[in-house]
Amino acid sequence: MQALIVIDVQMDFCPGGALAVPQGDLIVSGINDLMAGFDAVILTQDWHPAGHSSFASAHSGKSPYDLVEMDYGTQVLWPDHCIQGSAGAAFHPDLVTDRADLIIRKGYNPAIDSYSAFFENDHKTPTGLDGYLRTRGIDRLVMVGLALDFCVNYSAVDAAKLGFDVEVRQDLSRAIDLDGSLVAAQDGMVKAGARLV
Ligand code: VGL
Ligand code: ZN
């Protein structure tokens, strides 16, 4: 059984959004076209409370894209984005959401970011997606979405480590690419055992 995992195709990650990924909107129709071939379609939604600890605005003297040390490791500070219930947190209006069996929200814990669809950034606190997939008998995942070097990357690495067969469709993903983060992400995904196509 195979699932399509669509990561964070939300307004704030599209051109004009608070944390825009270049060409983030260009992948939407291709993702819609892919949905029909899967046993399950799962969407993720970055979903932060206002004042979230991953926002630069929550740290005095810090700017977006600065790095800070948190208990769980190094964290990039972002512009305020994907605030629960805001227009920027909504899915791109052309994304077909009716086909989704599950929408998994992440980043709701104020003290910790969550790039991965499986674990918060401490790499320990689960979102529940692993159990959902296993209890449905799903063993193969195709991943697409935003951003290729952050949330798609962390999700693909965790999925491969958890034993899923993982394929990442780079043509249906787009990257932020901060300081070589795309090449590092591609390398990490391959090392973890995900297939990049
Ligand atoms: C993401 C940065 C912050 C992503 C989410 O979806 O890749 N990146 N929050
Ligand atoms: Zn976020």
Side-chain angles (χ1 to χ4, degrees), residues 4-28 31 42-59 62-68 70 72-92 95 97 103-123 125 127 129 141 143-159 166 168-170 172-186 188-189 194 196:
L4 177 65
I5 313 278
V6 181
I7 305 284
D8 298 1
V9 179
Q10 293 168 260
M11 292 303 279
D12 271 342
F13 297 123
C14 290
L19 179 36
V21 181
Q23 305 186 331
D25 53 334
L26 297 187
I27 62 177
V28 175
I31 292 173
I42 293 153
L43 311 179
T44 72
Q45 199 170 20
D46 208 40
W47 197 250
H48 300 303
H52 190 260
S53 58
S54 74
F55 297 168
S57 61
H59 301 258
K62 296 291 181 190
S63 306
Y65 311 106
D66 285 350
L67 302 176
V68 287
M70 306 286 251
Y72 55 86
T74 305
Q75 170 74 47
V76 182
L77 295 178
W78 302 106
D80 290 21
H81 66 279
C82 295
I83 293 173
Q84 296 171 352
S86 68
F91 290 113
H92 187 289
L95 183 72
T97 58
I103 297 173
I104 189 141
R105 289 174 167 166
K106 59 186 182 60
Y108 43 72
N109 182 341
I112 182 163
D113 208 358
S114 188
Y115 296 148
S116 167
F118 293 91
F119 296 102
E120 294 185 343
N121 283 9
D122 60 1
H123 303 288
T125 310
T127 63
L129 181 57
L141 307 177
M143 297 197 171
V144 299
L146 306 171
L148 178 56
D149 45 347
F150 287 91
C151 290
V152 177
N153 169 33
Y154 276 64
S155 299
V157 167
D158 283 345
V166 182
V168 175
R169 286 280 302 260
Q170 299 190 91
L172 294 177
S173 304
R174 290 292 184 276
I176 297 173
D177 205 11
L178 283 181
D179 270 331
S181 58
L182 176 56
V183 169
Q186 288 167 326
M189 288 189 279
L196 302 188

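For ligands, and for the atoms within them, numbers begin at 1 and follow the listed sequence. Along the sequence shown, residues are numbered consecutively beginning with 1. Worth saying up front: this structure is predicted, and the values here are computed from it rather than measured.
For a threshold of 3.5 Å applied to N or O pairs, the pair formed by His81 and ligand 1 contains at least one separation below that value. The shortest N or O to N or O distance between Leu19 and ligand 1 is not below 3.5 Å.
Short contacts between ligand 1 and Asp8, defined as distances under 4.0 Å to a heavy atom of the residue, involve ligand atoms 4 (C), 6 (O). Within ligand 1, counting atoms from 1 as listed, the ones closer than 4.0 Å to a heavy atom of Asp46 are 5 (C), 9 (N).
By the criterion of a heavy-atom distance under 4.0 Å, the backbone of Leu146, and not its side chain, is placed next to ligand 1.
Tested against Phe91, the residues Asp8, Val28, Thr97, Val6 include a single side-chain contact (heavy atoms from CB on, under 4.5 Å) partner, Thr97.
In this structure a side-chain-to-backbone donor-acceptor pair under 3.5 Å is missing from His92 to Val9. Listed for the His81 side chain is a donor-acceptor partner under 3.5 Å among the backbone atoms of Pro79. The main-chain N or O of Ala18 is never found under 3.5 Å from a side-chain atom of Asp80 such that the two would form a donor-acceptor pair. The closest donor-acceptor contact from the side chain of His52 to the backbone of Ile112 lies under 3.5 Å. Although no hydrogens or angles enter the test, the distance criterion places no donor-acceptor pair under 3.5 Å between the side chain of Ser173 and the main chain of Gln170.
A distance below 6.0 Å separates the ring centres of His48 and Phe55.
Residues Asp12 and Cys82 share a closest heavy-atom pair of OD2-N, 2.7 Å.
Listed by chain and number, the protein N, O or S atoms at a distance under 2.8 Å from the Zn ion (ligand 2) are Asp46 OD2, His48 NE2, His81 NE2.
Ranking the protein heavy atoms by distance from atom 4 (C) of ligand 1 puts Cys151 SG, 2.8 Å first. Counting only heavy atoms of the protein, atom 8 (N) of ligand 1 lies nearest to Phe150 CB, 3.9 Å.
Using cut-offs of 30° and 60° for the angle between ring planes, the Tyr154 and His123 rings count as parallel.
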